[in-house]
Amino acid sequence: MSIEVISGFIGLILTLLVFSYLIGDNPLFRFAIYLFIGVSSGYAAFAAWQYVLWPKLFSPFLAQFGDLNQLLLLAVPVVLSLSLLAKLSPRTSWMGNFAMAILVGVGAGTAVAGALMGTLVPQAQAAMN
């Protein structure tokens with residue numbers, strides 16, 4: 001058997017397990033959902049490590065180990081990331097407030113700028129024409 005046939009059969013079984021919810025909430029449906037959640041969270045963690053954390057943070061950090069300016073520049077995201085991890089505990093959650101404020105501010109600014117540049121400005125220009 002080829003890998004395509006095996007993966008198609010596994011997909012068929014998992015689809016039937018998800019459709020088993022139509023007869024009521026049962027352990028087969030829960031197994032399929034937990035499997036999907038586990039696989040997707042594992043893939044998301046791997047993708048975050050492979051495409052973001054290693055090439056953007058750890059690899060430059062190790063490459064610039066001798067240059068003090070680069071180390072200080074790379075230390076900022078490390079400190080902010082660690083302070084966000086402190087929000088996991090209620091006792092130390094106050095440490096992550098500054099990093100959370102930066103995230104919310106940058107996200108809001110990006111959303112407002114995207115709405116202005118992508119929707120409002122072109123509509124206003126089209127109305128003026």
Side-chain angles (χ1 to χ4, degrees):
M1 273 193 184
S2 68
I3 191 72
E4 289 87 12
V5 173
I6 294 171
S7 63
F9 185 69
I10 292 172
L12 173 72
I13 297 296
L14 288 172
T15 302
L16 291 176
L17 290 178
V18 170
F19 278 142
S20 73
Y21 184 71
L22 294 173
I23 59 174
D25 194 12
N26 56 44
L28 297 175
F29 172 73
R30 288 190 196 140
F31 171 75
I33 294 302
Y34 293 153
L35 184 67
F36 285 143
I37 290 171
V39 168
S40 64
S41 62
Y43 178 75
F46 173 77
W49 174 262
Q50 186 72 23
Y51 299 115
V52 178
L53 291 176
W54 180 255
K56 301 290 184 196
L57 184 62
F58 292 113
S59 182
F61 194 73
L62 295 175
Q64 302 294 332
F65 198 64
D67 190 10
L68 184 62
N69 291 332
Q70 291 294 327
L71 279 177
L72 289 175
L73 187 61
L74 288 171
V76 172
V78 171
V79 169
L80 290 175
S81 300
L82 292 176
S83 69
L84 279 177
L85 285 176
K87 293 208 58 88
L88 292 173
S89 170
R91 181 175 281 182
T92 61
S93 67
W94 62 271
M95 289 190 208
N97 288 343
F98 181 71
M100 188 63 71
I102 290 174
L103 284 174
V104 169
V106 168
T110 303
V112 168
L116 284 175
M117 301 306 286
T119 304
L120 296 175
V121 171
Q123 282 182 357
Q125 287 176 346
M128 284 186 257
N129 287 337

**Q** Same cluster for Val52 and Leu85 if Ile/Leu/Val/Met/Phe/Trp/Tyr side chains link at under 4.5 Å?
**A** no
**Q** Which salt bridge (charged side-chain N to carboxylate O under 4.0 Å, His left out) pairs, counting each pair once, include a residue from residues 93-110, with sequence neighbours left out?
**A**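 Sorted result for residues 93-110: empty, none.
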**Q** Starting from Val18, can I reach Leu28 by hopping between I/L/V/M/F/W/Y residues whose side chains sit under 4.5 Å apart?
**A**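 Hydrophobic grouping puts Leu28 with Val18.
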**Q** Applying salt bridge (charged side-chain N to carboxylate O under 4.0 Å, His left out), which residue pairs with at least one partner in residues 106-127 are found, sequence neighbours left out?
**A** none
**Q** Taking transitive links into account, so neighbours of neighbours count too, which hydrophobic residues share a cluster with Ile3 at under 4.5 Å side-chain distance?
**A** none
**Q** Once side-chain hydrogen bond (donor to acceptor under 3.5 Å, both in side chains) is applied, what residue pairs with a partner in residues 113-128 remain, sequence neighbours excluded?
**A**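 Those involving residues 113-128 do not exist here.
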**Q** Would you please name every residue forming a side-chain hydrogen bond (donor to acceptor under 3.5 Å, both in side chains) with Ser20, sequence neighbours left out?
**A**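 Here the qualifying residues are Asn26.
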**Q** Check residues 35-43 and write down every donor-acceptor pair under 3.5 Å in which the side-chain atom is one partner and the other belongs to a residue at least two apart or another chain.
**A**
from: Ser40; atom 1: OG; to: Phe36; atom 2: O; distance (Å): 3.0
from: Ser40; atom 1: OG; to: Ile37; atom 2: O; distance (Å): 3.1
from: Ser41; atom 1: OG; to: Ile37; atom 2: O; distance (Å): 3.0
from: Ser41; atom 1: OG; to: Gly38; atom 2: O; distance (Å): 3.1

**Q** In the single-linkage hydrophobic clustering (I, L, V, M, F, W, Y; side-chain heavy atoms under 4.5 Å), do Val78 and Leu53 co-cluster?
**A**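 Cluster IDs for Val78 and Leu53 match.
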**Q** For residues Pro77 and Ser81, report the shortest heavy-atom separation together with the two atoms involved.
**A** O-OG, 2.7 Å
**Q** How would you list, by chain and number, every residue that makes a ring pair (Phe, Tyr, Trp, His ring centres under 6.0 Å) with Phe9, sequence neighbours excluded?
**A** none
**Q** Please write out which residues are connected to Phe19 in a hydrophobic cluster, directly or through intermediates, given that two of Ile, Leu, Val, Met, Phe, Trp, Tyr count as joined at side-chain heavy-atom separations below 4.5 angstrom.
**A**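 Its cluster mates, by chain and number, are Leu22.
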**Q** Enumerate the residue pairs fulfilling salt bridge (charged side-chain N to carboxylate O under 4.0 Å, His left out) with a member in residues 94-114, sequence neighbours excluded, ordered by first and then second residue.
**A** none
**Q** My understanding is that only residues two or more places apart in sequence, or in another chain, count here; which of them pass side chain to side chain contact (heavy atoms under 4.5 Å, CB included) with Val5?
**A**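 With sequence neighbours excluded, Val5 shows a side chain to side chain contact (heavy atoms under 4.5 Å, CB included) to Met1, Ser2, given in chain and number order.
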**Q** Taking a hydrophobic cluster as the set of Ile, Leu, Val, Met, Phe, Trp and Tyr residues connected by side-chain heavy atoms closer than 4.5 Å, whether directly or through intermediates, do Leu17 and Ile23 fall within one such cluster?
**A**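 No; Ile23 is not reachable from Leu17 via cluster members.
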**Q** Should we say atom CH2 of Trp49 is surrounded by more than 12 heavy atoms from elsewhere, each under 6.0 Å from it?
**A** yes
**Q** Which side-chain N or O atoms in residues 95-113 pair as donor and acceptor under 3.5 Å with protein atoms at least two apart or in another chain?
**A**
from: Asn97; atom 1: OD1; to: Lys87; atom 2: NZ; distance (Å): 2.9
from: Thr110; atom 1: OG1; to: Val106; atom 2: O; distance (Å): 2.7

**Q** Is the shortest heavy-atom distance from the side chain of Leu14 to the side chain of Ile10 under 4.5 Å?
**A**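 The answer is yes, as the side chains (C-beta and beyond) meet within the 4.5 Å cut-off.
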**Q** For Asp25, check side chain to side chain contact (heavy atoms under 4.5 Å, CB included) against everything at least two apart and list the hits.
**A**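 Side chain to side chain contact (heavy atoms under 4.5 Å, CB included) list for Asp25, sorted by chain: Tyr21, Phe29, Arg30.
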